[in-house]
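The next block holds one structure in the form of structure tokens; read it before the comments.
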Amino acid sequence: MAATTEQKNIAAAFLAARAKKTPLTSYPGAMPETMADAYAIQDAAIALDGRRVGGWKVGRIAADLVGRYGENRLTGPIFADEIVGDASAARPAMPVYASGFAAAEAEVVLCFGTVADHDYDIASVRDCIAEVRTGIEIASSPFQGINRHGPAVTASDFGNNRGLVLGPPLAGWQDRDLIHMPVEFAIDGETVGAATMETMLDGPFGSALFLIRTLRARGIAIPPGTWLSSGAITGIHEIRPGQSGEALFDGKIRVGCTISD
């Protein structure tokens, strides 16, 4: 779907606000009513931005909104220069829009190998996954109300993404029961959420299926090495500059970061 002039103007306004770290107290135009409208804005912004997309985030759409929007998930790009590793001894500093919205989320991160042209199902989609890691998605937007107006608004500004922290890999993931793995998230050492991937619809591989289908419909390829941040496990935890976040997977695998502005 080609973006209209107004949608391109919205995309440009978000890019300008991100570049200047200017808070947006209101949406910069007519709010998108459908996911197709949201992705038209998103595609225009990706083209205007010009950086390489190194991955995609997938988030859940609230159950009471699925009928209206026709999807149970949404997606947004993660730019390659905003994907960093957790160096453990020196946790990466992840910038956010301090005057906008900022949160951190414990997520399982998939790395795509070759995605063939044929259709996949929940079992066969594992064949195109090369690696599974722990991680933290940084969700941030200069628009303070990014999550208050429905999933189309969230998707329109890069899906409310500001970066991805890659944690240690999950060895032997092919044979592990990922769905029931306990996950916790802490801010400044205090646990703020705990859950398993049972909260994630059909789990991280369901997110992979959704992404393949959605990007194909938009004419976007998934090259080998593309990362997928598959969805919040313990919740969306608001966080501010100066704080630190840490996710704990399976009681022993840690990934963390500090937050900057």
Side-chain angles (χ1 to χ4, degrees), residues 14-15 17-24 42 45-46 49 51-60 73-88 90-111 133-147 151 153-168 183-190 192-193 200 204 207 211 226-249 254-261:
F14 271 121
L15 285 184
R18 282 177 171 254
K20 298 176 182 177
K21 297 186 177 180
T22 304
L24 294 173
Q42 188 185 110
I46 291 171
D49 184 283
R51 287 178 294 167
R52 183 173 71 85
V53 174
W56 297 85
K57 62 82 58 77
V58 168
R60 183 173 183 174
R73 289 177 166 100
L74 62 85
T75 189
I78 308 174
F79 292 101
D81 63 350
E82 295 180 342
I83 300 175
V84 301
D86 168 14
S88 296
R91 298 284 172 88
M94 302 299 289
V96 299
Y97 300 103
S99 298
F101 177 87
E105 305 167 10
E107 309 213 359
V108 164
V109 184
L110 311 181
C111 183
R133 290 197 183 203
T134 57
I136 296 174
E137 185 205 347
I138 303 300
S140 190
S141 168
F143 179 37
Q144 299 166 348
I146 187 73
N147 285 342
V153 166
T154 301
S156 68
D157 184 27
F158 293 152
N160 193 17
N161 179 265
R162 185 65 172 88
L164 176 64
V165 181
L166 297 175
V183 181
E184 298 179 17
F185 195 82
I187 294 178
D188 291 342
E190 181 178 348
V192 294
M200 295 175 57
S207 294
L211 186 68
T226 298
W227 294 99
L228 164 61
S229 194
S230 63
I233 301 168
T234 65
I236 301 169
H237 308 294
E238 293 196 30
I239 198 166
R240 310 309 303 171
Q243 294 185 306
S244 63
E246 182 180 75
L248 177 64
F249 293 79
R254 297 180 184 274
V255 54
C257 64
T258 60
I259 304 298
S260 64
D261 58 13

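- In terms of the side-chain contact (heavy atoms from CB on, under 4.5 Å) criterion, residue partners of Ile83 (sequence neighbours excluded) are, by chain and number, Ile78, Leu164, Leu166, Trp227.
- A search for side-chain hydrogen bond (donor to acceptor under 3.5 Å, both in side chains) contacts involving Ser230 returns nothing, not counting sequence neighbours.
- Partners of Thr226 according to the side-chain contact (heavy atoms from CB on, under 4.5 Å) rule, which considers only residues two or more places apart in sequence or in another chain, are Trp56, Phe112, Ile222, Pro223.
- Residues meeting the side-chain contact (heavy atoms from CB on, under 4.5 Å) test with Thr258, sequence neighbours left out: Ala93, Ser244.
- With sequence neighbours excluded, the residues forming a ring-ring contact (aromatic ring centres under 6.0 Å, His included) with Phe143 are Tyr27, His149, listed by chain and number.
- Partners of Thr234 under the side-chain hydrogen bond (donor to acceptor under 3.5 Å, both in side chains) rule, at least two apart in sequence or in another chain, are His237.
- Looking at residues two or more places apart in sequence or on another chain, you find no side-chain hydrogen bond (donor to acceptor under 3.5 Å, both in side chains) involving Glu184.
- For Arg73, the side-chain hydrogen bond (donor to acceptor under 3.5 Å, both in side chains) partners at least two apart in sequence or on another chain are Asp202, Ser207.
- Take Phe249 and apply the ring-ring contact (aromatic ring centres under 6.0 Å, His included) test, not counting sequence neighbours, and it matches no residue.
- Residues passing the salt bridge (charged side-chain N to carboxylate O under 4.0 Å, His left out) test with Glu137, sequence neighbours excluded: Lys57.
- Among residues two or more places apart in sequence or in another chain, the salt bridge (charged side-chain N to carboxylate O under 4.0 Å, His left out) test is passed with Arg60 by none.
- A search for side-chain contact (heavy atoms from CB on, under 4.5 Å) contacts involving Glu238 returns Phe101, not counting sequence neighbours.
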